[in-house]
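So the structure is just underneath, and the comments pick up after that.
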Amino acid sequence: VLHLLKCGSAFFFKPFFKTAIEENGWIISADNKGYFRFLTPKLRDILPEMEGWSQKDCFGFELDYYWYNQKRVIFKTTIAKGTESERDEKVREILINSLLKVNDAKKPKGKKWLVPIIKRHSFDLEEMSQNDVREIKNRISIIFKDLTNCVTQTENAILEKADEVIKLR
């Protein structure tokens, strides 16, 4: 049985989430205490750079298991804010229209960071820290089965517009 101090739990769980991301073949573009942003290899190959994140990703899958709520894993598809240039706005338009075809997507609110898909999964860090490693891996595996379906749908929707997106690189 593992017992962790609350402040250290995000660091304890990080390798479990990192492994799950990497086992799916996804590429981590940013990580921090309790947070990952990643892409699929196919999306990494076609998406243009854009202002927003320091890595200049125009889009990312985000996984937050600490910052927003320490009792849930929050998964988002996020479109970067860009520079409001004609090119960036075209990229954002293509991405929004593509993502709206994915199950559970909603028209994003706001003007800067656009989040068409948000999924929440129960994952209480304090409770999970009482479980053995096998149970933790099993719970994360269940979460990732759902996320994998969403990532695949999202990737396919964006790849339908690959020719348009590549022209904007």
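Positions are given from 1 along the sequence.
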Assess whether side-chain contact (heavy atoms from CB on, under 4.5 Å) is satisfied between H121 and R72, documenting all intermediate values. CA-CA 5 Å; H121 293 271; R72 285 183 170 55; over 6 Å; no
Would V151 and N24 satisfy side-chain contact (heavy atoms from CB on, under 4.5 Å), going step by step from the backbone distance to the final call?
-> CA-CA 10 Å; V151 168; N24 277 285; over 6 Å; no
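- Between Y66 and F17, the ring centre distance reaches or exceeds 6.0 Å.
- Put simply, CZ on R139 and CD on E127 are 11.0 Å apart, with the number rounded to the nearest 0.5 Å.
- When only modelled atom types and interatomic distance are considered, Q55 and S29 share no side-chain donor-acceptor pair under 3.5 Å.
- Annotation: the span from L47 atom CG to L168 atom CG amounts to 10.5 Å, rounded to 0.5 Å.
- Sparse packing is recorded around NZ of K18, with 12 or fewer heavy atoms of other residues, nucleotides or ligands lying under 6.0 Å away.
- Salt bridge absent: E164 and K167 never bring a charged side-chain N and a carboxylate O closer than 4.0 Å.
- The structure places CD1 of I117 at 13.0 Å from NZ of K76, a figure rounded to the nearest 0.5 Å.
- In this structure, E84 places its CD atom where only 12 or fewer heavy-atom neighbours from other residues, nucleotides or ligands lie under 6.0 Å away.
- Tested against F59, the residues L114, V91, V165, I79 include a single side chain to side chain contact (heavy atoms under 4.5 Å, CB included) partner, I79.
- When the shell of 6.0 Å around NZ of K101 is examined, it contains more than 12 heavy atoms from other residues, nucleotides or ligands.
- Atoms OG and CG, on S141 and L147 in that order, are 10.5 Å from each other to the nearest 0.5 Å.
- With rounding to the nearest 0.5 Å, the separation of CZ in F123 from OH in Y65 is 9.0 Å.
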